[in-house]
Amino acid sequence: MTLPDGALRAFAGPVSGSDIAAAIGPGLAKAAIALSVDGRLRDLATSIDHDAAVAVITREMPEGLEILRHDAAHVMAEAVKELYPETQVTFGPATETGFYYDFARTQPFTPEDLERIEARMHEIVRRDEPITREVWDREAAIAYFSDIGERYKAEYIAEIPQDEEISLYRQGDFVDLCIGPHLPSTGRLGQAFKLMNVAGAYWRGDPKNAQLQRVYGTAWAAQKDLDEYLYRLEEAERRDHRRLGRELDLFHMGEEAVGSVFWHPKGWTLFRIIESYMRRRLDAAGYQEVKAPQLLDRSLWEASGHWENFRDNMFIAESRDARVLAVKPMNCPGHVLIFRNRLRSYRELPLRLAEFGNCHRNEPSGALHGLMRVRAFTQDDAHIFCTEDQVKSESIAICRLVLSVYRDFGFDDVEIKFADRPPQRVGGDAVWDRAERDLKAAVEAAGLPFTYNPGEGAFYGPKLEFHLRDALGRQWQCGTLQLDFNMPERLGASYVGEDGGRHVPVMLHRAILGSVERFIGILIEHYAGRLPLWLAPVQIVVASITSGAAEYAAEAARACRAAGLRTGLDIGNEKIAYKVREHSLAKTPIILVVGRREQADRSVALRRLGSNDQEALALGDAVARLSQEAAAPSAT
RNA sequence: GCCGGGUUAGCACAGUGGCAGUGCAGCGGUUUUGUAAACCGAAGGUCGGGGGUUCGAAUCCCUCACCCGGCACCA
């Protein structure tokens, strides 16, 4: 046997994983839960009768944790079958943080049921039932599961390819079809798991099938990992942008406009700061801003392909003269119309048209989620009309701009995915081949690593997706770059080339923030509401200690405002401790406290959010320093 | 859209068939305060909408809307 460190170990005859672990050391024998044989995961009890590269898997290893979680799903299924024998089991895999199992049962599981199931799971772990693998004859397995009323299992076994083994795992009285591997016994699972919630899920993910009840759980190698995970969940809840949006008085959403945002003064201030930052970056990058109509005639959407491919998501309206119009779900057709409004020369290319486009998409009600998924949003959209030769340099410039913008907002960890042709699309395969080739060449030329996201391209072209990672480690798709050989032609865009002939331009669709609304949601959660100074809607509050200092406080606030700082004034008759608390909870980055002392020597006591210290400095110095600090990044 | 759970004052929540409550915020007053909650007072409700059962409904039933968690969707 070859061990991971390259060491060789010889055994007289066939050995099991337990034998190998025991041969290496008693500590490992105890920690072992499974085995990797020539790169494939096996049960510890598997007998190996040939030379192989083996590695002992422990519960702390990623592979081990996955096995443990998969076992938690089986233990849950066993508990459910014991408590509710009429329930049918279906699938129960491990997830990123735990596991789930889909059950078929007429009666819904209640939170109380979940408590009972969890208690029974702990009991099954204490029973420490051996988990054993059995290979069954296909027909016998189908007959067995049919007999005990497990129709989903029987259906599934019948579809397993003929050349594959039908392996079953037995623990106590519970037998489940499973590829494995599994722990040697239920006791090895440990008690660091918890059932989280129950939700509906379609059998095999298809809405046409029956809806099952999916019970989610989380499981970890050790109790402290579970505690940490539960703490992370609480932290995510504290950072929830819907909650912070209300607490910080940024926006609200209501029944009167489901899926749309009512921006309050502070939230809209943030929106405008972001917008003007982007305008500055776009101006510097050679874009020209435009504004296209909200409502556009049906014939345009038919020509663009939206009517055929995107109709379900579009809001339709009618004019008095009975023309059918659609509220724009995308900005591209409008920009093409601006492009082709007059004859264009190759000398104008690349022509970069940008718009903060207000788009409406009729999302299914169940998809809506705060600012993250709305029906009305603002895209920081742009379309670049260029020649095929210019695709590469334009794409590189876009990638650089995207990454630079993300850095300015505090996101350094960005992943790029390449999404190729989707099943439903316009344009022939030859065109798609060319588009995919060019886009890939461009991202490669930009020197950026990427992974694949097959079948996820736009209906008119392949795309690059920019996914950024926030402070909690969650990924969000924001930016996108799409290469489109189809729409310019469909909408009749052309330019006069060097040769005097007409040519169809290539179009690059790109967004950086994606939806400004959603990006704000991500920012709020990333910073837990404590926005950096340049983004904070209220940057400073000047708070007086006594009414005697109110005059001077007002003067200090005026000085800040004159320097362009967004400044509030609090001369109420509360104690200073109360004011500090109020403005700290409101996540104001800077509090300038002024009392008699400060008034006397024209100074301020500067207190930063998150710090308990104050710094005394002259009013003029404070204003100078803060206005420098508050400057937006990349303001060259 | 589907499954499940919710909706009580601006916010957080209690109230399971018999007089709608608590805390915070807001409002009025007192207090003039030195870095994360001073004190007193008065007010605030179509218990999500509609329908039903009942002598009586926030409470039980039906229905619609919206919200939450997933699923599906995210072009």
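Chain identifiers are assigned alphabetically (A, B, ...) following the order of the sequence lines, protein sequences preceding nucleic acid strands; residue numbering begins at 1 within each chain. Worth knowing before you read on, the calculation uses all heavy atoms, side chains too, and leaves out hydrogens, waters and symmetry mates.
- Taking the ring axis of Tyr231(A) as reference, the NZ or CZ atom of Arg238(A) stays within 45° of it and closer than 6.0 Å to the ring centre.
- As rounded to whole Å, 14 Å separates atom C1' of G34(B) from atom CG of Asp601(A).
- Between the side chain of Arg214(A) and the backbone N or O of Ala199(A) there is no donor-acceptor pair closer than 3.5 Å.
- Among the nucleotides A38(B), U32(B), A37(B), the one closest to the side chain of Lys575(A) is A38(B).
- Here the P atom of nucleotide C11(B) and the CG atom of Leu244(A) are 16 Å apart, to the nearest Å.
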message = Protein within reach of the bases, or only the backbone? For nucleotides 68-74 of chain B, mark each nucleotide 5' to 3' as B, S or -, using heavy atoms under 4.0 Å.
response = SBBBBBB
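- Checked by atom type and distance alone, the side chain of Ser603(A) never pairs as donor or acceptor with a backbone atom of Asp601(A) at under 3.5 Å.
- Remark: the separation of the P atoms in A37(B) and C24(B) is 14 Å, to the nearest Å.
- Not one side-chain nitrogen or oxygen of Arg596(A) sits closer than 4.0 Å to the OP1 or OP2 atom of U32(B).
- The side-chain hydrogen bond (donor to acceptor under 3.5 Å, both in side chains) with Thr378(A) is formed by just one residue from the set Glu517(A), Glu355(A), Arg518(A); it is Glu517(A).
- When rounded to the nearest whole Å, the span between CD of Gln107(A) and C1' of C3(B) equals 15 Å.
- No contact: Gly548(A) has no heavy atom under 4.0 Å from any strand.
- Remark: the separation of the C1' atoms in A42(B) and G26(B) is 13 Å, to the nearest Å.
- Take the nearest nucleotide of RNA chain B for Gly259(A) and for Tyr460(A): the residue whose nucleotide is more 5' is Gly259(A).
- Remark: the Ser547(A) side chain and the U32(B) base include a donor-acceptor N/O pair separated by less than 3.5 Å.
- Side-chain atoms of Lys463(A) never come within 3.5 Å of backbone atoms of His509(A) as a donor-acceptor pair (strictly under, hydrogens ignored).
- The minimum heavy-atom distance linking Arg242(A) with Phe251(A) is given by the pair CA-CZ, 4.4 Å.
- Nucleotide U32(B) holds its C1' atom 16 Å from the OH atom of Tyr578(A), rounded to whole Å.
- Between the CG atom of Asp570(A) and the C1' atom of A36(B) there is a distance of 14 Å, rounded to whole Å.
- Look at CH2 on Trp203(A): it is 17 Å from C1' on C3(B), rounded to the nearest Å.
- Rounded to whole Å, atom C1' of A36(B) lies 8 Å from atom CG of Asn612(A).
- A heavy-atom distance below 4.5 Å is found between the side chains of Glu525(A) and Arg474(A).
- In the interface, the side chain of Arg607(A) is paired with the base of A36(B) through a donor and an acceptor atom under 3.5 Å apart.
- Residue Met253(A) is out of contact with every strand shown, counting any heavy-atom pair closer than 4.0 Å.
- One P atom belongs to U63(B), the other to C3(B), and the distance between them is 12 Å to the nearest Å.
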